[in-house]
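Every number for a ligand or one of its atoms is a count from 1 in the order of the listing. Scope of the values below: all heavy atoms of this structure, side chains included, with no hydrogens, waters or symmetry mates.
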Amino acid sequence: LLKPKKLIAWSYSRLSIHRECPAKFRFKFILKLPEPPSPPMERGLAVHKLLESHVKTRTAPPTLGKEFAHLRPELRTIRDRHPECELELAFKRDWERVDWFDPSVWCRVKIDVTHDLEKGAARTLDYKTGQIRPEAHEESLRLYGLATLLRRPELKRLETGAWYVDHEKKPRVLGVYEDNLRRFVQDEQRYWEEQAAPLNKDKRFAATPSRFACGRCAYSCRRTDSAGRPGPCADAV
Ligand code: SF4
């Protein structure tokens with residue numbers, strides 16, 4: 001049995017990995033075994049950084065190459081709306097806000113960009129590189145919506161959206177919340193408490209191999225690192 005020294009804080013991506021395979025979670029976040037670099041992930045990080053500095057820099061934003069020329073008008077609109085970028089929000093188990101590295105932190109949410117639309121209305125966005133998959137992204141946007149509303153309880157309307165920057169000129173709206181926001185917050189809090197419970201209770205972090213998960217897992221014994229050593233997981237299929 002593993003006895004983590006402290007509460008394991010979760011984020012949407014951590015939760016996704018635990019859902020996929022708890023052993024992968026253990027290798028990655030508890031044992032902190034390095035993963036080989038993944039070109040799509042590295043590109044995603046670079047694009048996020050570029051868009052962040054483009055939206056944040058008020059005087060001379062960095063040049064957007066041809067690849068992202070289609071994003072310029074909407075980025076200008078966002079820049080004019082005093083956005084907050086790479087916003088880090090952390091919560092305790094009772095959803096009270098705490099500092100990002102507070103020992104009692106239970107949930108962490110990082111928001112790519114959020115800005116006002118008009119008085120009492122805001123929009124929270126997630127930049128997405130790669131394929132357009134709103135059905136796969138709707139759930140995480142609900143968590144970002146919840147975090148936005150917990151931070152700004154005065155809002156009367158919130159839009160959440162995914163911006164498929166490789167394909168689309170504007171963000172796609174995935175959620176509009178304006179009626180009974182209190183109810184939305186309560187329902188989402190309950191939902192995420194249920195979703196996080198298996199991770200919070202886990203002591204074994206047992207492998208749940210599947211072709212899909214193992215096929216792309218850096219820890220599979222069927223994969224070798226640059227020195228030719230196989231990954232640590234013998235359960236891989
Ligand atoms: S190889 Fe498969 S079983 Fe092993 S950690 Fe990765 S996903 Fe889990």
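- Protein N/O/S atoms found under 2.8 Å from atom 6 (Fe) of ligand 1: Cys217 SG.
- Between His18 and Phe205, the distance from one ring center to the other falls under 6.0 angstrom.
- Between Glu159 and Arg157 a salt bridge is recorded (basic side-chain N to carboxylate O distance below 4.0 Å).
- A salt bridge links Glu35 with Lys28: the closest approach of a Lys/Arg side-chain nitrogen to an acidic carboxylate oxygen falls below 4.0 angstrom.
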Acceptor/donor pairs from residues 89-98 side chains to any protein atom, 3.5 angstrom cut, sequence neighbours excluded:
from, atom 1, to, atom 2, distance (Å)
Asp94, OD1, Glu96, N, 3.0
Trp95, NE1, Glu193, OE2, 2.8

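- A distance-only check finds no donor-acceptor pair linking the side chain of Arg172 to the backbone of Tyr164 [under 3.5 Å].
- From Phe184, atom CZ reaches atom CD of Gln189 across 10.0 Å, with rounding to the nearest 0.5 Å.
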